[in-house]
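First the proteins, then the strands, lettered A, B, ... as listed; each starts at 1.
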Number of protein chains: 2
Amino acid sequence: MEKVTIATVAQRAGVSRQTVSNVINTPDVVREETRERVREAISALGYRVNQAARQMRTGRSRLIAVRIEPARDGINGSVLDRFLHGLTDAAGLAGYRVMLYTADGDDAEIATYDELLNAYDLDAFVLTSTHHGDPRTSWLAARDVPFVTFGRPWGAPETHSWVDIDNAAGTAAATEHLLAAGHQRIGFLGWPAGSGVGDARREGWHRALGPWGPVGEATDGVESGAVAARKMLQNDPPTAIVCASDSLALGALQAARELGRECAVIGFDDTAVARAIGLTSVSQPLAEAAGRCMDLLRELLDGHAPSHPTNVLLPPSLVVRQTA
Amino acid sequence: MEKVTIATVAQRAGVSRQTVSNVINTPDVVREETRERVREAISALGYRVNQAARQMRTGRSRLIAVRIEPARDGINGSVLDRFLHGLTDAAGLAGYRVMLYTADGDDAEIATYDELLNAYDLDAFVLTSTHHGDPRTSWLAARDVPFVTFGRPWGAPETHSWVDIDNAAGTAAATEHLLAAGHQRIGFLGWPAGSGVGDARREGWHRALGPWGPVGEATDGVESGAVAARKMLQNDPPTAIVCASDSLALGALQAARELGRECAVIGFDDTAVARAIGLTSVSQPLAEAAGRCMDLLRELLDGHAPSHPTNVLLPPSLVVRQTA
DNA sequence: TTGTAGGCGTTATCAA
DNA sequence: TTGATAACGCCTACAA
């Protein structure tokens, strides 16, 4: 099968190459009859625009890049994967493709931006896992590279569009669910203060509860969660615990079982583990978040760039199962 | 910052563009002194080869494509994600990038090949989830598109290179572990016959056990696994069950608990769920599998194409936890 | 060992 | 409304 180029199509339709190009890119400028003839030729030949050539002229690649976390395992590792799936779907629908890269740390990631931008003329980036003092956004902004973040710009000036999950609303909903079920002493098991996401999740619990309840702190993980939960359950036992992650929730469940204590537990992220063991958990609308990121990117890329950056805050939902 | 092209570098180094190109692509043909001068100019300017332009000349994009499963959740969904992580790492090391696509069914996937090949000049594909009567491999082979599969070509002629996990060895190791622990009645809980992977996992159990033991069949999932396990445990109770997946294993665990039966359980895939609940499970070396796929691809792409396709069969390992 | 000419497939510009 | 021409950045072939 010979290579089909715009010239092949032009010849078959009896027009110039430019006219074919016009049919593809600015159809309204071509007379209807001609347009139809060219379209027939295109589909008869199975012609497809060559992106590399187009890119060379236009400087746009229709490629967007996302970092994939290094091969790593864990209960919560799947959250970004689910976002990635959604983004690939949404990008495909919009005529874009997703290119993956890995980077160990912010500086390495910035070096990768430089490379990808030069070598592949990437159209845009989607950043995940934003955090306080994140150097990536300012680097990109300084170079006028289009990007959106999944995660708000913690502390940084809000100069770009972002999509985020309303974490506080999630733990607030969990807490309200427990209050409605009659619980009064509701504890919170979360991460050490300082991470934006973790602080927001604690804040939601506190907001819904009113007064403070027992608080436990642990780095993420089943083991450390169990240790912290055990302490909570011994000192000042709550009848329910809202947790900042499913891993911590699993630890809390273990601790309660060991101590023979009845204790309702709610996790966060609605991971496969939660589904598997019947853990009530707060679910993030990751596919929707990805779709919104793509929407914002299209605004940026298709020229209709809004003068003000847009922010989207998506509410999570509570999935009630057996543990609460 | 102006765009840095090969011409910029040439000017700065006081040589022709061609000499710069030679330094990049065939350094040994350039006099050392000149080479050094050009290299200095390259790094001083931060020059990077533009892939689109190179691709236009060479027809090679240094891009490989992999399908990402549609946004879907489940205990086993993470297996392919982990493979993807490994592949992105390995590709990056080899100077390639991974492009993602989604496709609903084999035919849609083949249509996507056609598009990606025409539009992006993809260098190669990595196929996952191979199965009996898989039309994808023959389509690619007929067009001389380089590809490897992660998963052997079930039944199809072995005309391409592949990497696979020795599933039978995994369940055999699990069974031997149980035998060594003194178990004698060891059952198997697997998927309906017909899926290559599932059959191999059953085969490994049978091979290690010698005589047949109790067998249960269920489509993958915690619920259906629990139903099938309940039946096994009531009729003809084994003291241990080897399962074809962590989901089924979880179901088996539930069934045993409900019935108040002591029963060792071993799962397959070593998912986050297994780690979280202490389920002994067979672990696939996914990062290594991805690395091997990349190795095979490089052989194919870098011209040293071996006359015979290469096959790599990787042994899984048993991760012993509390359930067996 | 280095330089020159030409073209990969597309689109922007401008003329017809 | 359509077509001719040039250019994007690079590499291959060939000449010097």
Side-chain angles (χ1 to χ4, degrees), chain A residues 1-39 41-42 45-63 95 115 117-123 303, chain B residues 1-39 41-42 45-63 115-123 303:
Chain A
M1 195 165 47
E2 280 304 302
K3 182 163 280 189
V4 178
T5 75
I6 212 169
T8 326
V9 176
Q11 193 172 13
R12 166 146 181 161
V15 298
S16 73
R17 291 176 317 188
Q18 183 51 37
T19 299
V20 178
S21 174
N22 283 335
V23 169
I24 296 165
N25 299 296
T26 47
D28 34 305
V29 92
V30 180
R31 183 154 44 103
E32 172 155 359
E33 191 208 24
T34 317
R35 201 192 312 153
E36 274 319 305
R37 198 147 35 91
V38 171
R39 288 215 167 113
I42 286 177
L45 294 166
Y47 167 76
R48 289 220 172 74
V49 176
N50 181 306
Q51 290 293 340
R54 166 179 278 178
Q55 172 179 343
M56 197 134 87
R57 272 302 326 206
T58 62
R60 295 186 43 182
S61 60
R62 301 197 77 79
L63 241 34
E115 188 203 322
L117 249 17
N118 279 292
Y120 292 94
D121 281 321
L122 258 82
D123 282 356
Chain B
M1 194 165 49
E2 282 304 302
K3 183 162 279 188
V4 178
T5 75
I6 212 170
T8 325
V9 177
Q11 193 173 13
R12 164 145 183 161
V15 299
S16 75
R17 293 177 316 188
Q18 181 50 35
T19 300
V20 178
S21 174
N22 282 336
V23 170
I24 296 165
N25 299 297
T26 47
D28 34 306
V29 91
V30 180
R31 183 152 44 102
E32 174 156 357
E33 191 207 23
T34 317
R35 202 191 311 152
E36 275 318 306
R37 197 147 36 92
V38 171
R39 288 216 167 114
I42 286 178
L45 294 166
Y47 168 76
R48 289 222 172 73
V49 177
N50 182 305
Q51 290 294 339
R54 165 179 278 180
Q55 172 179 344
M56 206 137 77
R57 277 296 323 199
T58 63
R60 295 185 45 181
S61 59
R62 301 198 76 81
L63 240 35
E115 188 202 321
L116 290 175
L117 251 16
N118 280 292
Y120 291 94
D121 282 321
L122 259 82
D123 281 356

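- At distances below 3.5 Å, not a single donor-acceptor pair connects side-chain atoms of B:Arg48 with backbone N or O atoms of A:Ala119.
- Side chain of A:Arg17 to backbone of A:Ile6: no donor-acceptor contact under 3.5 angstrom is found.
- Within residues 18-26 of chain B, the residues that place at least one heavy atom under 4.0 Å from DNA chain D are, in residue-number order, B:Gln18, B:Ser21, B:Asn25.
- Checking the phosphate oxygens (OP1, OP2) of D:dC10, no side-chain nitrogen or oxygen of B:Thr58 falls inside 4.0 Å.
- The CD atom of B:Gln55 sits 19 Å away from the P atom of D:dC8 (whole-angstrom rounding).
- Counting heavy atoms from C-beta outward, A:Arg54 and A:Ile24 have side chains that approach closer than 4.5 Å.
- Rounded to whole Å, atom C1' of D:dA7 lies 12 Å from atom CZ of A:Arg17.
- Atom CG of A:Asp121 and atom C1' of D:dC10 are 13 Å apart (whole Å).
- Atoms CZ (B:Arg62) and C1' (D:dC10) sit 15 Å apart, rounded to a whole Å.
- A sub-4.0 Å separation between OP1 or OP2 of D:dT2 and a side-chain N or O of A:Arg31 is present.
- A:Tyr120 is not listed as a side-chain neighbour of A:Asn118, based on a closest heavy-atom distance of 4.5 Å or more.
- At the phosphate of C:dG9, neither OP1 nor OP2 sits under 4.0 Å from any side-chain N or O atom of B:Tyr120.
- A:Val4 and A:Tyr47 make their closest contact through O-CD1, 3.5 Å (heavy atoms, listed as atom of the first residue, atom of the second, distance).
- Between the P atom of D:dT1 and the CZ atom of A:Arg37 lies a distance of 14 Å, rounded to the nearest Å.
- Positionally, the nearest nucleotide of DNA chain C for B:Val15 lies more toward the 5' end than for the other of A:Val49 and B:Val15.
- Rounded to an integer number of Å, the gap from CE of A:Met56 to P of D:dC10 is 9 Å.
- Remark: the backbone N or O of A:Arg62 is paired with a side-chain donor or acceptor of A:Asp123 at under 3.5 angstrom.
- Listed by residue number, the members of residues 5-13 of chain B with any heavy atom below 4.0 angstrom from DNA chain D are B:Thr5, B:Ile6.
- Atom CZ of A:Arg37 sits about 7.5 Å away from atom CZ of A:Arg31, to the nearest 0.5 Å.
- The separation between B:Asn50 atom CG and D:dC11 atom C1' is 13 Å, rounded to whole Å.
- The base of C:dT11 is paired with the side chain of A:Arg57 by a donor and an acceptor separated by under 3.5 Å.
- If you take OH of B:Tyr47 and P of D:dC11, they are 6 Å apart, rounded to a whole angstrom.
- Here the straight-line distance linking atom CD1 of A:Ile42 with atom CZ of A:Arg12 works out to 11.5 Å at 0.5 Å rounding.
- When every heavy atom of A:Val30 is checked against every heavy atom of A:Asn22, the shortest pair comes out as CG2-CB, 3.6 Å.
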